[in-house]
Structure formats: C-alpha cells, structure tokens
K.L.:
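Here it is, the structure in full.
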Amino acid sequence: MAGGTWRTGVAVVLMLSATVRAAEPACGLEVRTELDQLYCDLVARGEGARLPSPVDFRRNDPGVQALLLRRPAQRHGLAVPDAVAPPKTPEPNPEPNTTAATGTRPESPVEQPALQGLAPSLSDCQLAGDHIRCPERSFLLADNQPNSQLAPGVLGDENRLGLTSFEGNRQDPDAVRQYLSTAYDRYIPAMLSIGLGANTMSFTAFHNAFHTLEDGGVDFAARMEETFRLLKQDKKTLAVKARYHDDLPERLEQCQVINRNIIVCDNVRTNWVYVQEGR
C-alpha cells in the first residue's frame, strides 16, 4: 500500500450498489433504527429492486443509509429520519494480533479489533482530535463537501473508480490481500474526490464485501464501479451533512498511512480519513 500497509480495523461506509433481487416476504433486517424501519417500509412498497440487499445496506454508516433511502422515500412521500447510529455493542477483548508484527492486512473476511502497534511512518506524529500533526506537515479530518467545493467534472462520467477485476486465486490470501490493498488505495481518494470523505468504507468492510460479492458470482470491481456511479449521481442533487457524529479516534495506534496525503483511522466501529493540509 502506498506510504504504508493497511491493517485490520473498522467501521462503516459506502454501499455496495443496488442488488436486484426477487421480492421477499420480509425486508430481511432486524429493525434497530428508524432508517432500518424505512428500508423495510420501502421494500414492502416495491422498492426492493432499487435498494441494496439487507446485508449491503447494513454495511453502510447511517449517513450513507439515509442518502440511499432518500430518492425511493421521495417517490412515496415518506420522510427520511435523521441519521443516528444504532446502539453500540460491547467490544470484545482484543486477542493477540500477529498483523501488528507482520504489517499485513487480515486474511479472513471478519471484523477484528484495531491494532495496538504504531505505524513507523507515524512515530513522530501526534493525534489532536480532528488533526494529526507531524514534524513537517499536518492532516485535517475530512468532512463531506458540498458540490461547490469539488473540482470541476468530478461528478461526471469521466471520474471513475477504475478498479481492475480480480483474476487470481481467491484461496491465496497473499494475492487477495495485495489486490484489495491496491483497490482500497484507489477507493479512498476517489471518495474524497466526490466529497464523501466522512462516509468511507473501512478496509475490513471492503474485504468482506469482496468475498460476499465474489462468492455470489458478482464481479467486485464492476459492482464497486456501479456503486461509485450511483453515489455521483445522487451527490449531484442530494445534500449531505458534513459529519454524522462527533466521535474521534482515541489513539494514533488506530491509524495508518494510505499515501503521502492521506491517513485513515478506525476503532472497529468508525472510519476516519485525514487529509494533508495545504496540499
């Protein structure tokens, strides 16, 4: 991974695009939030083919869930509730994690505790809330940006995610890890380019999505490209909040370098992206 090797970690974000599926007798979700309830109401009203599957819907943070539900809700005159995270469940006690020693990403598509070791590239840096300060540069927590702040043309067809399809052996963890590391390094800057820096998918969610889709015979790269297209389309007309919560990472050990300009942090529940100031 450019500038550092990502690790396990994580919490939420981008949806895996609309999964066309047959009508179901129930929405497939255990309702925990008002957004879950709206999702189920819309499925019952025949919007299932235009919405992500229940599993894909749950992979997203509340802000992206609200964005995905807004158009279908408007068609039926339904209000979209505020984006509120579901009640947090107690975190398991971290088990010894060999990832910290090897500097590699997890081999199994499951969520795991954040690493305990500090990345060497961040050894001289300090975490200060919405800033990460290093000796020669500083990084600021990325917010979602209004379209007026975006570069010209980024919401157009020319701005593509551009992931290549996986052609290796999915039973080879090294091949999968290298593929997903490269893909994730493209995904994070792409989300920043369209003003959704506060709604990024964690690497673990990214990893899980890859296996879920490929297990179902769906090309991960193609599905992610379609998802990116839909997000650009919605971003043209739908406003987004700058942030959907006030949580911040607690320790620099929760962070890793994506490239010279970007640091990503997570605490198993939440993903944060920090961008170099003045770049």
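Given the structure is predicted, the values throughout are model-derived calculations rather than measurements.
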K.L.:
Which pairs with one or both residues in residues 141-150 pass salt bridge (charged side-chain N to carboxylate O under 4.0 Å, His left out), sequence neighbours excluded?
P.N.:
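Those involving residues 141-150 are D143-R243.
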
K.L.:
Taking the side chain as every heavy atom from C-beta outward, state whether N144 and K241 have any atom pair closer than 4.5 Å.
P.N.:
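Side-chain contact under 4.5 Å: no.
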
K.L.:
With a cut-off of 3.5 Å and sequence neighbours excluded, list every side-chain donor-acceptor pair involving residues 128-136.
P.N.:
none

K.L.:
For E34, does the CD atom have more than 12 heavy-atom neighbours from other residues, nucleotides or ligands under 6.0 Å away?
P.N.:
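Not buried by this count: 12 neighbours or fewer within 6.0 Å.
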
K.L.:
Is any side-chain heavy atom of V264 closer than 4.5 Å to one of Q256?
P.N.:
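No; the side chains remain at least 4.5 Å from each other.
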
K.L.:
Is there a side-chain contact between I262 and Y274, using heavy atoms and a 4.5 Å cut-off?
P.N.:
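No, side chains not in contact.
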
K.L.:
Apply salt bridge (charged side-chain N to carboxylate O under 4.0 Å, His left out) to R229 and list each qualifying residue two or more places apart in sequence or on a separate chain.
P.N.:
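Result, salt bridge (charged side-chain N to carboxylate O under 4.0 Å, His left out) vs R229: E226.
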
K.L.:
Start with the C-alpha gap between H207 and R177, add the side-chain angles, then the distance that decides, and say whether side chain to side chain contact (heavy atoms under 4.5 Å, CB included) holds.
P.N.:
CA-CA 9 Å; H207 192 284; R177 185 165 50 243; over 6 Å; no

K.L.:
When rounded to the nearest 0.5 angstrom, what distance separates CG in L248 from CH2 in W272?
P.N.:
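That separation rounds to 7.0 Å.
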
K.L.:
Can you give me the closest heavy-atom contact between L163 and A183, atom names plus distance?
P.N.:
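Nearest heavy atoms, L163 then A183: CD2-O, 3.7 Å.
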
K.L.:
Do NZ/NE/NH1/NH2 and the carboxylate oxygens of K232 and D157 come within less than 4.0 Å?
P.N.:
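No.
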
K.L.:
Which residue pairs pass the salt bridge (charged side-chain N to carboxylate O under 4.0 Å, His left out) test when at least one of the two sits in residues 196-205, sequence neighbours left out?
P.N.:
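Pairs touching residues 196-205 that pass the test: none.
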
K.L.:
Report whether L78 and V31 are members of the same hydrophobic cluster (ILVMFWY, side-chain heavy atoms less than 4.5 Å apart, transitive linking).
P.N.:
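Not linked; separate clusters.
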
K.L.:
Can you measure from CG (L68) to CG (L38) and round to the nearest 0.5 angstrom?
P.N.:
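Reported to 0.5 Å precision, the distance equals 11.0 Å.
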
K.L.:
Give me the atom names and distance for the closest heavy-atom approach of G153 to N159.
P.N.:
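For G153 versus N159, the nearest heavy atoms are O-CB, 4.3 Å.
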
K.L.:
Under a 4.5 Å cut-off applied to non-hydrogen side-chain atoms, are M224 and F228 in contact?
P.N.:
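The answer is no; the side chains never approach within 4.5 Å.
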
K.L.:
Hydrophobic cluster membership, with links at side-chain heavy-atom distances under 4.5 Å among I/L/V/M/F/W/Y: are L140 and I188 in one?
P.N.:
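No: no chain of side-chain contacts under 4.5 Å links L140 to I188.
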
K.L.:
For a quick check under 3.5 Å, do Q178 and T182 share a side-chain donor-acceptor pair by atom type?
P.N.:
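T182 and Q178 do have a side-chain donor-acceptor pair below 3.5 Å.
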
K.L.:
T212 side chain to A209 main-chain N or O, any donor-acceptor pair under 3.5 Å?
P.N.:
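Checking the backbone N and O of A209 against the side chain of T212, no donor-acceptor pair under 3.5 Å is found.
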
K.L.:
Distance from N169 atom CG to D174 atom CG, nearest 0.5 Å?
P.N.:
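Here the rounded value is 11.0 Å.
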
K.L.:
OH/Y39 to CG/L69 distance, rounded to the nearest 0.5 angstrom?
P.N.:
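If I round to the nearest 0.5 Å, the distance is 9.0 Å.
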
K.L.:
How far apart are the C-alpha atoms of C265 and N271, what are their side-chain angles, what is the distance that settles it, and do they pass the side chain to side chain contact (heavy atoms under 4.5 Å, CB included) test?
P.N.:
CA-CA 6 Å; C265 308; N271 211 50; over 6 Å; no

K.L.:
Got M191 and L231 here, is their nearest side-chain heavy-atom distance under 4.5 Å?
P.N.:
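Yes, side chains in contact.
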
K.L.:
Roughly how far, to the nearest 0.5 Å, is the CG atom of L127 from the CD1 atom of I263?
P.N.:
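The CD1 atom of I263 sits 9.5 Å away from the CG atom of L127.
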
K.L.:
Check for a donor-acceptor pair, side chain of R70 on one end and backbone N or O of A239 on the other, with a separation under 3.5 Å.
P.N.:
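Yes: the side chain of R70 pairs with the backbone of A239.
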
K.L.:
Please identify each residue that fulfils side-chain hydrogen bond (donor to acceptor under 3.5 Å, both in side chains) with S148, with sequence neighbours left out.
P.N.:
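With neighbours one apart ignored, the set is empty.
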
K.L.:
Which pair of non-hydrogen atoms, one from A73 and one from V80, has the smallest distance, and what is that distance?
P.N.:
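Looking at all heavy atoms of both residues, the shortest contact is CB-CG2, 3.8 Å.
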
K.L.:
Could you tell me whether the side chain of R75 reaches within less than 4.5 Å of the side chain of R45, counting heavy atoms only?
P.N.:
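No, every pair of side-chain atoms sits at 4.5 Å or beyond.
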
K.L.:
To the nearest 0.5 angstrom, please state how far the CD atom of E225 sits from the OG atom of S165.
P.N.:
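Interatomic distance, E225 CD to S165 OG, rounded to 0.5 Å: 10.0 Å.
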
K.L.:
Quiz question: by atom type and distance under 3.5 Å, do the side chains of R170 and H211 form a donor-acceptor pair?
P.N.:
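Short answer, yes.
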
K.L.:
Decide yes or no for E277 and R137: does some side-chain heavy atom of the first lie under 4.5 Å from some side-chain heavy atom of the second?
P.N.:
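Of all side-chain heavy-atom pairs linking R137 with E277, none is under 4.5 Å.
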
K.L.:
Is it true that V218 and V176 fall in one hydrophobic cluster, defined by side-chain heavy atoms closer than 4.5 Å?
P.N.:
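Linked within one cluster.
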
K.L.:
Is the closest side-chain heavy-atom distance between F203 and D266 below 4.5 Å?
P.N.:
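Heavy-atom side-chain distance check fails, nothing below 4.5 Å.
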
K.L.:
Between Q126 and L252, what is the shortest heavy-atom contact and its length?
P.N.:
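Shortest heavy-atom contact: N-CD2, 4.3 Å.
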
K.L.:
Tell me which pairs pass ring pair (Phe, Tyr, Trp, His ring centres under 6.0 Å) where either residue lies in residues 140-166, with sequence neighbours left out.
P.N.:
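For residues 140-166, and leaving out neighbouring residues, the ring pair (Phe, Tyr, Trp, His ring centres under 6.0 Å) pairs sorted by first residue read F166-Y179, F166-F210.
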
K.L.:
Please answer whether the main-chain N or O of E250 pairs with a side-chain N or O of Q254 as donor and acceptor at a distance below 3.5 Å.
P.N.:
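Between the backbone of E250 and the side chain of Q254 there is a qualifying donor-acceptor contact (under 3.5 Å).
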
K.L.:
Between L150 and L155, is a side chain to side chain contact (heavy atoms under 4.5 Å, CB included) present by the stated rule, with each step listed?
P.N.:
CA-CA 9 Å; L150 304 182; L155 298 180; 4.2 Å; yes

K.L.:
Start with the C-alpha distance between L180 and F220, add both sets of side-chain angles, then the distance that settles side chain to side chain contact (heavy atoms under 4.5 Å, CB included), and finish with yes or no.
P.N.:
CA-CA 10 Å; L180 291 177; F220 172 74; 4.2 Å; yes

K.L.:
For Q233, does the CD atom sit with more than 12 other heavy atoms under 6.0 Å from it, leaving out its own atoms?
P.N.:
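Counting other residues, nucleotides and ligands, CD of Q233 exceeds 12 neighbours.
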
K.L.:
Kindly give the heavy-atom pair with the smallest separation between D219 and A221, and that separation in Å.
P.N.:
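Looking at all heavy atoms of both residues, the closest pair is OD1-N, 3.1 Å.
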
